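Along the sequence shown, residues are numbered consecutively beginning with 1. From a predicted model like this one, the values you see are computed outputs, not experimental measurements. Indexing begins at 1, ligand by ligand and atom by atom, following the structure's order.
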Amino acid sequence: MNTDSFALRHIGPRRSDLPEMLKTVGVDSMEQLIFETIPDDIRLKGDIVLDKALSENEYLEHITELASKNRVFKTYIGLGYNQSFTPPVIQRNILENPGWYTAYTPYQAEIAQGRLEALLNFQTMVVDLTGMELANASLLDEATAAAEAMALLFAVRERDQKKDDVVKFFVSEEILPQTLSLLETRSEPLGIELVVGNHEAFDFSSGFFGMILQYPGRTGRVYNYKEVIAKAKDAQIKVAVAADILSLVKLESPGTFGADVVVGTTQRFGIPLGYGGPHAAYFATKEEYKRSIPGRIIGVTKDTDGNRALRMALQTREQHIKRDKATSNICTAQVLLAVMAGMYAVYHGPRGLMNIATNVHNSAATLADSLEKLGFEQLNETYFDTIAIKADHSQVRQIAEKKEVNFYYSNSNTVSISVNETTTIKDLNRIVAIFSEVAGKTASEITELITGNKIPKEVNRKTEFLTNEVFNSYHSETELMRYIKKLERKDLSLNHSMISLGSCTMKLNAAAEMLPLSDPQWGNMHPFVPIEQAEGYQQMLHKLEDQLTEITGFAGTSLQPNSGAQGEYAGLMVIRAYHESKGQGHRNICLIPSSAHGTNPASATMAGMKVIVTKASENGNIDVEDLREKAIEHRDNLSCLMVTYPSTHGVYESAIKEITSLIHENGGQVYMDGANMNAQVALTHPGAIGADVCHLNLHKTFAIPHGGGGPGVGPICVAKQLVPFLPGNPLIKSGGENAISAISAAPWGSSLACLISYAYITMLGMEGLKKSTQYAILNANYIKERLHGHFDVLYTGERGRAAHEMIVDCRPFKENGIEVTDIAKRLMDYGFHAPTVSFPVAGTLMIEPTESESKAELDRFCDAMIAIRKEIDASDKNTENNILKNAPHTLAMLTVDNWEFPYSRQEAAFPLSYVSENKFWPSVRRVDDAYGDRNLVCSCEPIESYMEA
Ligand SMILES: *Cc1c(COP(=O)(O)O)cnc(C)c1O
């Protein structure tokens, strides 16, 4: 036996646990369990083919070698990506800390107050800098955020405009190229007509509903948009502004000028470039559009005792509720990166940020001055950090690349140079040296920065920002380290206990998978550098694409989408392009089973499809007859079926092959939602069930940590006929031969995070992956059997087995006055995060243990559930004052002088013996959701204002 094998670290149960677990489940062997679980006709007969697994040490050696193939130049390309310093205190205490990166999306607010506060800081920072009223807790990247802004403005068109069919959207030619590409992708299916042009020549009399401006512009110029925005307002045209977050420290905010939406990226607030991501985009708007904001919003509310508490606000906006009426499909966003960017603002505070921004501006001015002295013409009359030098490209480029420097060669005789926080005087001299070689002259050395004055007076920032206490308190490392720890302690993450979230696959995020993310050879690479400089990345990404292609049984993969929902959208757009290529562009019907995840119908609508919902049968499976009827009825216009496999109900439907061929017979393609891929890897695959495309959630099945709600990576894997249409990028050649336009800003999406999944697959290999799937199934069935007699499992396969997850019915407990939420909250007292609540069936819990949990942890969880079941039996419908309704119990409750509850303190907080040696204290009592939505507060409020309310 190989004691060095990573599989031994990744998989929880020990070999010695196996006999007892199999016995509990009632099978003789693992093989028998798999045989009874996965239907015969889709089980792979051979093995998938992957390289031999590497041990952790072998992998770390391998990845360091690959990293050395990245040639990290000094890069001044800009275009929305600027190198910055990640403060080491943030790198070590957040980015490299499982207490932060393994947390789940903060649905269970009582055990998530830490990251909720960090996100509220992020929102406050965005609101302050943009001058808007409301911000969300991040989006995926600037380009998709701009597309979301367009969609929001389209959705909120004035009523009389709708009658007139006002469908035009003006895009300033100063927009970033990747943003333009995204706007093209997103506008077309919605029937929006893009018009690109010069905002100064824009004719306000024509039929536009909105416009988008870039601030500062792509070429670096700082325009005064005050007048344009005012004129647009008069013409009932709504305005979105894509703004550089650091420039806003010195530039007056778009909100002050009357913008309706402001978007951008917060990458340059301490986030590594990572060859494109992950980074947190921001989205800010006016209060009046609060019901249409995409993504998650953190809001302030109160708990049972009236104390301040935070939670996710206005969740009825989300695609989970709105489904095909949703205007956005955002689910996973970029929480960890938003937490880091917000903390960067906390650390530097308003004065620190002003110093950084001023230095950046002065560096640009100093450089311009030196180059002008060399005889070069600098074309930007105004700028913040980007100057434009008139010069012959080929000559500059040759010398610059020899000196390991990248510029942006924007048009035939302009070289664009964006400086950043990390740019030193030495760096400036290196740039000057390049140009002196071009000019054949010697330049005098820069020894200090001059004071820049290239920001037009009218847009010089006058409004204050980051005045709140939190941005003015933690400027020493000791203080910030303790603040981060204080927040971390409020959050239950995987480093405390199992988080058995059905459909979300919270498995181990191994340290060896995460380590390379801290290496600057991976971190400091700009996404638009010439491809030959990124050889380490290219090899890793292509290898990962090949691994995923093999695992899904398909022909090609795109890593571009930054979340599962973006993957859905990408896959549907690829299907659309395929139909169009066959002269079948009219095919627009998308069949979706009623049990589907909310992102499915939302993505289909965004892709311009018409959603037809198909029924579920009594046992929770797809009603094949209903599906057949609908497929045939719509055969002339059928685009595709979106199907989750194993089903959302945690069952391997045996009719799946019949279902996929039924769709093909009627001219449609089959989209498989791959969120449940953890139940398939190396045992079966979407290719084998007859699908044509699937997305994978690398942040579920392939070990990228959830980060408290992001980052995510949602690649799509496709069959042969769809490969030519895989998405491209306007600046770097990527994607298929007939690539659709961009799905994300960067050509390979969140490349840095892809390292994690690459590590996962490379260290497990075929055997390890197969074992992982087997153990995921075993662990689920073990829980199912242990809970037998205490809880009913709603759906099972034909032989009575669960897949990798199961739905536990909590509706019968209403008789005792107990709701599923009470059970979820009570689990906190036992030290557990609740499983998925009320999805896909209201009143139920969906439990998914994953392969990473040990038998001991599964037993603790089952003991807790069984103990809770006894508490339910003891509850009485006629009283609210019981141990479940009062849950969770805080330390403050426990330590009051007179204890007035009808049960003991011991029962409340230490109900089982394992709890006392590893107690997790929820930091607030049950939060009041309705109050928070009625009194929406989404930024850090001065303490006094809260006390008045
Ligand atoms: C998680 C999930 C999604 C969405 O993925 P995101 O990365 O959150 O956008 C889609 N479908 C199913 C079934 C899921 O569980």
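In this structure, S741 OG and Q178 CD are separated by 13.0 Å, a value rounded to the nearest 0.5 Å. Rounding to the nearest 0.5 angstrom, the gap separating the CD1 atom in I656 from the CG atom in L662 is 10.5 Å.
Using a cutoff of 4.0 Å between basic side-chain nitrogens and carboxylate oxygens, E848 and K700 are not scored as salt-bridged.
The salt bridge (Lys or Arg N to Asp or Glu O under 4.0 Å) check on D491 picks up R115, with sequence neighbours excluded.
Between H706 and H699, the ring planes lie tilted relative to each other; the angle falls in the 30° to 60° range. By the 30° and 60° cut-offs, the orientation of the rings of H695 relative to Y671 is tilted.
Protein residues are said to neighbour a ligand when one of their heavy atoms lies under 4.0 Å from it; for ligand 1 these are C331, T332, S503, S563, G564, A565, E568, H597, T599, D673, A675, N697, H699, K700.
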